[in-house]
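Since the structure is predicted, the reported quantities are computational estimates derived from the model, not experimental observations. Each chain gets a letter, A, B and so on, in the order the sequences are listed, and its residues count up from 1.
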Number of protein chains: 2
Amino acid sequence: MTQTSFCCPDHSGAQDAANILLQAEARAARMGLRLTPVRRRTLEMLIAAHGAMGAYDVLECLAAEGYGTQPPVAYRALNWLVENGFAHRIRRLNAFTACAHPAHDHTAAFLICATCDSVTEAPAGAVSAALSAAAEAAGFVMDRATIEAVGRCSVCVEGTA
Amino acid sequence: MTQTSFCCPDHSGAQDAANILLQAEARAARMGLRLTPVRRRTLEMLIAAHGAMGAYDVLECLAAEGYGTQPPVAYRALNWLVENGFAHRIRRLNAFTACAHPAHDHTAAFLICATCDSVTEAPAGAVSAALSAAAEAAGFVMDRATIEAVGRCSVCVEGTA
DNA sequence: TATCTAACGTTATGTCATAACAATCAAGGC
DNA sequence: GCCTTGATTGTTATGACATAACGTTAGATA
Ligand SMILES: [Zn+2]
Ligand SMILES: [Zn+2]
Ligand SMILES: [Zn+2]
Ligand SMILES: [Zn+2]
């Protein structure tokens, strides 16, 4: 796997795959987090997938490479990656995707294309702030958020227009 | 069922249950939508539940009242309600909730309390606008969105402080 | 080395959701 | 009225997603 950049316009501004992995490794070392073989391989898969993967897709790959063959193996690795900021869960798709910016903590928003199924991580600072403000108006203290938009990506909009 | 107002502070500003149902009926009539017995009963349940209900919870109630006993019965009613703006789906909970403002189309945000499991629908105009803007910056055209915050509601914050 | 804990793997089960098809019902044209 | 047509409701069966519980292994600690 020597891919050094993404292939579609949706990701023109994203870090390339190798760079994402480097950021993740640096962060794991810095925080004393154990990026074990299963976890690391799972993360590599998510990065290479260039989009969202279901837990059972991940499991299939892991099993083919000699790791465990049962669902908890995939779910444990995926949940650990999510909890530690290396990946995100896309609830609308019941799927997971590698974080594009694992170097720093952040709330992410996802742009899900209804036509080509692509998933793009977008900066959600302003959105998160607006949501937090709306919550505060109701006396609600926000810990974390799920923010997902469904529509058409730039490629598919072009095709339709 | 003659409840005319909600019981907890989280909903102090919400329309009361009967009023929500009236709004929904008016809207159905106005738009020529068929609020059939199963659909109407399902909506009433969601309103009375005063929070989110899983599809299988709904199914259990419907079955007990003489409607169908199999999952598609509940899912069809729930999906119809969601598609036509009478209810919302809470993805984080794999559950559904009655729309608090069925009179007009809107993007909703949900405040999910991690302590007491309450779910509150909050106005999401500003949040949706911010998300739409972030999407547009990526050339993405947003159709609809899932916006859910997890944290602690005003009641539970009080208790902890 | 002895001990402790995190991580891994398994079996088994639970929960959520839909495909496919048959029966029924409401509305419009004859 | 009677038939056609599409929407709605019901069923059986299956698929997809996720976790509980427990034993084993591997790394760290003393
Ligand atoms: Zn991220
Ligand atoms: Zn697309
Ligand atoms: Zn609503
Ligand atoms: Zn609460």
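- Checked by atom type and distance alone, the side chain of A/Arg27 pairs as donor or acceptor with a backbone atom of A/Asn84 at under 3.5 Å.
- Shown for residues 29-37 of chain A: residues whose heavy atoms fall under 4.0 angstrom of DNA chain C, namely A/Arg34, A/Thr36.
- With hydrogens and angles disregarded, no donor-acceptor distance shorter than 3.5 Å links the side chain of A/Arg34 to the backbone of A/Arg39.
- Shown here for B/Ile47 and B/Ala98, the closest heavy-atom pair between the two residues is CG1-CB, 3.6 Å.
- Regarding A/Asn79, its CG atom lies at a distance of 11 Å from the P atom of D/dA20, rounded to whole Å.
- A/His88 approaches A/Val82 most closely through the heavy-atom pair C-CG2, 4.1 Å.
- Judged by distance alone, the side chain of B/Glu148 and the main-chain N or O of B/Ile112 form no donor-acceptor pair under 3.5 Å.
- Residue A/Ala138 comes nearest to B/Ser154 through the heavy atom pair O-CB, 4.0 Å, listed as atom of the first residue, atom of the second, then distance.
- Of the possible polar contacts, one joining the B/Thr42 side chain to the B/Val38 backbone as a donor-acceptor pair under 3.5 Å is found.
- Rounded to whole Å, atom P of D/dC17 lies 12 Å from atom CG of A/Leu59.
- Nearest approach of B/Phe140 to A/Cys113, heavy atoms of both residues: CE1-N, 3.9 Å.
- Taking five base pairs at each end of the helix from C/dT1-D/dA30 to C/dC30-D/dG1, the local helix axes there meet at an angle of 30°, rounded to 10°.
- Comparing B/Arg39 and B/Asn94 by the nucleotide of DNA chain D that holds the closest heavy atom to each, the one mapping nearer the 5' end is B/Arg39.
- Atom pair B/Leu62:CG and D/dT9:P shows a separation of 11 Å (rounding to whole Å applied).
- Here the shortest heavy-atom pairing between B/Leu131 and B/Ala145 reads CD2-CB, 3.7 Å.
- When every heavy atom of A/Gly54 is checked against every heavy atom of A/Ala95, the shortest pair comes out as N-CB, 4.2 Å.
- Contacts of A/Thr146 classified as side-chain hydrogen bond (donor to acceptor under 3.5 Å, both in side chains), with partners at least two apart in sequence or in another chain: B/Arg92.
- On the nucleic acid side, DNA chain C has its first and last nucleotide under 4.0 Å of a heavy atom of chain B at C/dC16 to C/dA26, going 5' to 3'.
- Rounded to an integer number of Å, the gap from CG of A/Leu93 to P of D/dA18 is 11 Å.
- Under a 3.5 Å cut-off, the side chain of A/Arg30 and the backbone N or O of A/Ala103 do form a donor-acceptor pair.
- Within 4.0 Å (heavy atoms only), A/Arg91 reaches no atom of the nucleic acid at all.
- Between the P atom of D/dT19 and the OH atom of A/Tyr56 lies a distance of 10 Å, rounded to the nearest Å.
- For B/Glu60, there are no side-chain hydrogen bond (donor to acceptor under 3.5 Å, both in side chains) partners, not counting sequence neighbours.
- Near DNA chain D, defined here as any heavy-atom distance below 4.0 Å, the residues from residues 63-78 of chain B are B/Tyr67, B/Gly68, B/Thr69, B/Gln70, B/Pro72, B/Val73, B/Arg76, listed numerically.
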